[in-house]
**Student:** 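Take this structure, written in structure tokens, and hold onto it; I'll ask about it next.
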Amino acid sequence: QVQLVESGGGLVQAGGSLRLSCVASGLTFSSVAMGWFRQRPGTEREFVATITRSGGTSRYADSVKGRFTISRDNAKNTVYLQMNSLKPEDTAVYYCAADNAGWDMPLDRRRYDYWGQGTQVTVSS
């Protein structure tokens with residue numbers, strides 16, 4: 001059984017920082033690309049960041065570029081999302097996802113095979 005378990009969400013003030021973690025089990029973590037997505041109420045789930053299976057390359061949505069950093073520790077089966085300079089617009093449920101293909105770093109949520117349960121991030125003004 002594949003499981004992705006997120007943690008680290010919470011309430012922060014604008015300009016603050018937060019670090020999300022996602023621990024994977026039931027798969028060969030080093031063989032999958034990982035991504036972070038977020039979803040606001042009444043909106044579609046949108047791409048935030050993705051990282052290659054080795055952690056050597058990452059991509060970001062324009063809205064978070066320069067503020068967010070995705071990383072992974074394959075020895076711990078964990079992917080992280082460091083969020084700095086947070087804005088109220090960043091408020092959303094954040095999800096981690098795994099792409100079993102592993103050779104790409106997709107931006108499309110439909111390319112991902114496994115999903116975590118989500119963790120709430122709220123940024124106050």
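Values reported hereafter were calculated over all heavy atoms of this structure, with side chains retained and with hydrogens, waters and symmetry mates removed. Every value quoted in this text rests on a predicted model; they were computed, and no experiment measured them.
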**Student:** Are any of the side-chain heavy atoms of Y95 and E6 separated by less than 4.5 Å?
**Tutor:** yes

**Student:** Return the CD to CZ distance between E44 and F37, rounded to the nearest 0.5 Å.
**Tutor:**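 Spacing of CD (E44) from CZ (F37) equals 12.5 Å.
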
**Student:** With a 4.0 Å cut-off on N to O distance, would you call D90 and R67 a salt bridge?
**Tutor:** yes

**Student:** Please determine whether a side-chain nitrogen of the Lys or Arg among R109 and E46 lies less than 4.0 Å from a carboxylate oxygen of the Asp or Glu.
**Tutor:** no

**Student:** OG of S30 to CZ of R72: how many Å apart, nearest 0.5 Å?
**Tutor:** 7.5 Å

**Student:** I want to check something: taking the side chain as every heavy atom from C-beta on, are D104 and R111 in contact at a cut-off of under 4.5 Å?
**Tutor:** yes

**Student:** How long is the gap from CG on D99 to OG1 on T50, to the nearest 0.5 Å?
**Tutor:**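 If we round to the nearest 0.5 Å, D99:CG and T50:OG1 are 7.5 Å apart.
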
**Student:** Taking ILVMFWY side chains as joined if any heavy atoms are under 4.5 angstrom apart, and letting links pass through other members, which residues group with L18?
**Tutor:**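 Noted: L18 shares its cluster with V2, L4, V12, L20, L27, F29, V32, M34, W36, V48, I51, Y60, V64, F68, I70, V79, L81, M83, L86, Y94, Y114, V121, V123.
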
**Student:** Please step through side-chain contact (heavy atoms from CB on, under 4.5 Å) for the pair Q117 and C96, ending with a clear verdict.
**Tutor:** CA-CA 8 Å; Q117 80 290 341; C96 67; over 6 Å; no

**Student:** Just by distance, do the side chain of Q13 and the backbone of S125 share a donor-acceptor pair under 3.5 Å?
**Tutor:**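 Not a single qualifying donor-acceptor pair exists.
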
**Student:** Let me see the working for M105 and T57 under side-chain contact (heavy atoms from CB on, under 4.5 Å), right down to the final yes or no.
**Tutor:** CA-CA 9 Å; M105 31 194 318; T57 307; 3.9 Å; yes

**Student:** Less than 4.5 Å apart, side chain to side chain, heavy atoms only: is that true for Y80 and D73?
**Tutor:**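 Heavy-atom side-chain distance check passes, below 4.5 Å.
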
**Student:** I need the full list of side-chain hydrogen bond (donor to acceptor under 3.5 Å, both in side chains) pairs touching residues 17-26, with sequence neighbours left out, sorted by first then second residue.
**Tutor:** S17-N84

**Student:** For A101, is there any backbone N or O sitting under 3.5 Å from a side-chain donor or acceptor partner on R53?
**Tutor:** no

**Student:** Tell me whether the NZ or CZ atom of R45 lies within the 45° cone about the ring axis of W115 and under 6.0 Å from its centre.
**Tutor:** yes

**Student:** Is there a salt bridge (Lys or Arg N to Asp or Glu O under 4.0 Å) between K65 and D62 once you walk through the steps?
**Tutor:** CA-CA 5 Å; K65 196 172 299 180; D62 288 341; 3.1 Å; yes

**Student:** If you group Ile, Leu, Val, Met, Phe, Trp and Tyr whenever their side-chain heavy atoms sit less than 4.5 Å apart, what else falls in with V5?
**Tutor:** none

**Student:** Would a distance-only check, ignoring hydrogens and angles, find a side-chain to backbone donor-acceptor pair under 3.5 Å from S63 to A61?
**Tutor:**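 Not at all, since once roles are kept as given, no pair shorter than 3.5 Å links the two residues.
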
